[in-house]
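To start, the structure under review is shown below, and the notes come after it.
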Amino acid sequence: QLQLVESGGGSVQAGGSLRLSCAASRANVNCMGWFRQVPGKEREGVAFFYTGNGNTYYADSVKGRFTISEDNAKNTVYLQMNSLTPEDTAMYYCAVGPPRGSWYRCPLDDVGNYNYWGQGTQVTVSS
């Protein structure tokens, strides 16, 4: 089993920044990253980091604004979110799952690929 503990959510004004953290209970070679969800909508992949080779994957909506990184010694992945907009308001969930394909990619569009989830942390961006 793998436990994930998230932190770092909160409220911020548009244009501001937040950093989310996701700490895993043990080292693992997997895709680690974030989905987000607003009420009434499907969960959306935001950003992932493959701990096996350091490759990163971003949704188009966050490219250039969000950066995902890893502290290998702490089994922790961070999501630095800059230039936040009200459209970024959502519950953010940390997720872990295996990479896919011969290129070891982390799918952003396959919630079912991820078998470990955090409890969620709320991000609210006001205009």
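For the pair T124 (side chain) and S11 (backbone), a donor-acceptor distance under 3.5 Å is absent. Side-chain atoms of S61 do not come within 3.5 Å of backbone N or O of A59 as any donor-acceptor pair. Side-chain N or O atoms of N113 include one that pairs as donor or acceptor with a backbone N or O of P98 at under 3.5 Å.
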Original post:
Could you go step by step and tell me if E70 and T51 meet the side-chain contact (heavy atoms from CB on, under 4.5 Å) rule?
Top reply: CA-CA 8 Å; E70 180 199 31; T51 62; 3.3 Å; yes
Original post:
Under the ring-ring contact (aromatic ring centres under 6.0 Å, His included) criterion, do W34 and F66 qualify, and how do the steps go?
Top reply: CA-CA 11 Å; W34 303 88; F66 291 12; over 10 Å; no
**OP:** Show the numbers, then the answer: is there a side-chain contact (heavy atoms from CB on, under 4.5 Å) between V123 and L20?
**Re:** CA-CA 9 Å; V123 170; L20 305 183; 4.1 Å; yes
**OP:** Go through Y114 and F48 one step at a time and tell me if the ring-ring contact (aromatic ring centres under 6.0 Å, His included) criterion holds.
**Re:** CA-CA 11 Å; Y114 298 92; F48 272 85; 4.5 Å; yes
**OP:** Could you please spell out the steps behind the side-chain contact (heavy atoms from CB on, under 4.5 Å) verdict for R65 and T85?
**Re:** CA-CA 10 Å; R65 300 188 299 121; T85 73; 4.2 Å; yes
**OP:** Please report the C-alpha distance between V125 and Q13 in whole Å, then the side-chain angles of each, then the deciding distance to 0.1 Å, and finally whether the side-chain contact (heavy atoms from CB on, under 4.5 Å) criterion is met.
**Re:** CA-CA 5 Å; V125 185; Q13 288 192 327; over 6 Å; no
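Heavy atoms only, all atoms of each residue included: A90 and Q122 are closest at O-NE2, 3.4 Å. Closest heavy-atom contact between S126 and P86: C-CG, 4.4 Å. Contact detail for C31 and R105: the closest heavy-atom pair is SG-O, 4.1 Å. Taking each heavy atom of Q3 and Q1 in turn, the nearest pair found is NE2-CB, 3.8 Å.
Between atom CG of residue L4 and atom CD of residue Q119 there is a gap of 8.5 Å, rounded to the nearest 0.5 Å. Note that OH of Y58 and SG of C106 are 11.5 Å apart. Values are rounded to the nearest 0.5 Å. Atom-to-atom distance recorded for C22:SG and I68:CD1 is 9.0 Å, nearest 0.5 angstrom. Going from atom CD of E6 over to atom CE of M91 covers 9.0 Å, rounded to the nearest 0.5 Å. Rounding to the nearest 0.5 Å places OH of Y92 at 7.5 Å from CG of L79. Remark: T56 OG1 to K63 NZ distance equals 9.5 Å, nearest 0.5 Å.
Both the sub-6.0 Å distance and the 45° axial angle are not jointly satisfied by R43 relative to the ring of F35.
In summary, the aromatic rings of Y116 and Y93 are positioned with their centroids too far apart to meet the 6.0 Å limit. A distance of 6.0 Å or more separates the ring centres of Y50 and Y57.
Under the 4.5 Å side-chain contact rule for hydrophobic residues, L2 and V77 share a cluster. Cluster annotation: V62 is connected to M81 through the hydrophobic network of ILVMFWY side chains, with a link wherever side-chain heavy atoms come within less than 4.5 Å. Each of M32 and L108 belongs to its own hydrophobic cluster when Ile, Leu, Val, Met, Phe, Trp and Tyr are linked at side-chain heavy-atom distances under 4.5 angstrom. In the hydrophobic clustering of ILVMFWY residues, with side-chain heavy atoms under 4.5 Å counting as a link, V29 and Y104 come out together.
Ion pairing of R36 with D88 is present here, as a side-chain N (NZ or NE/NH1/NH2) and a carboxylate O approach within less than 4.0 Å.
Side-chain contact of N75 with R26: a donor-acceptor pair under 3.5 Å is absent, judged by distance alone. If you check the side chains of S17 and N82, you find a donor sitting under 3.5 Å from an acceptor.
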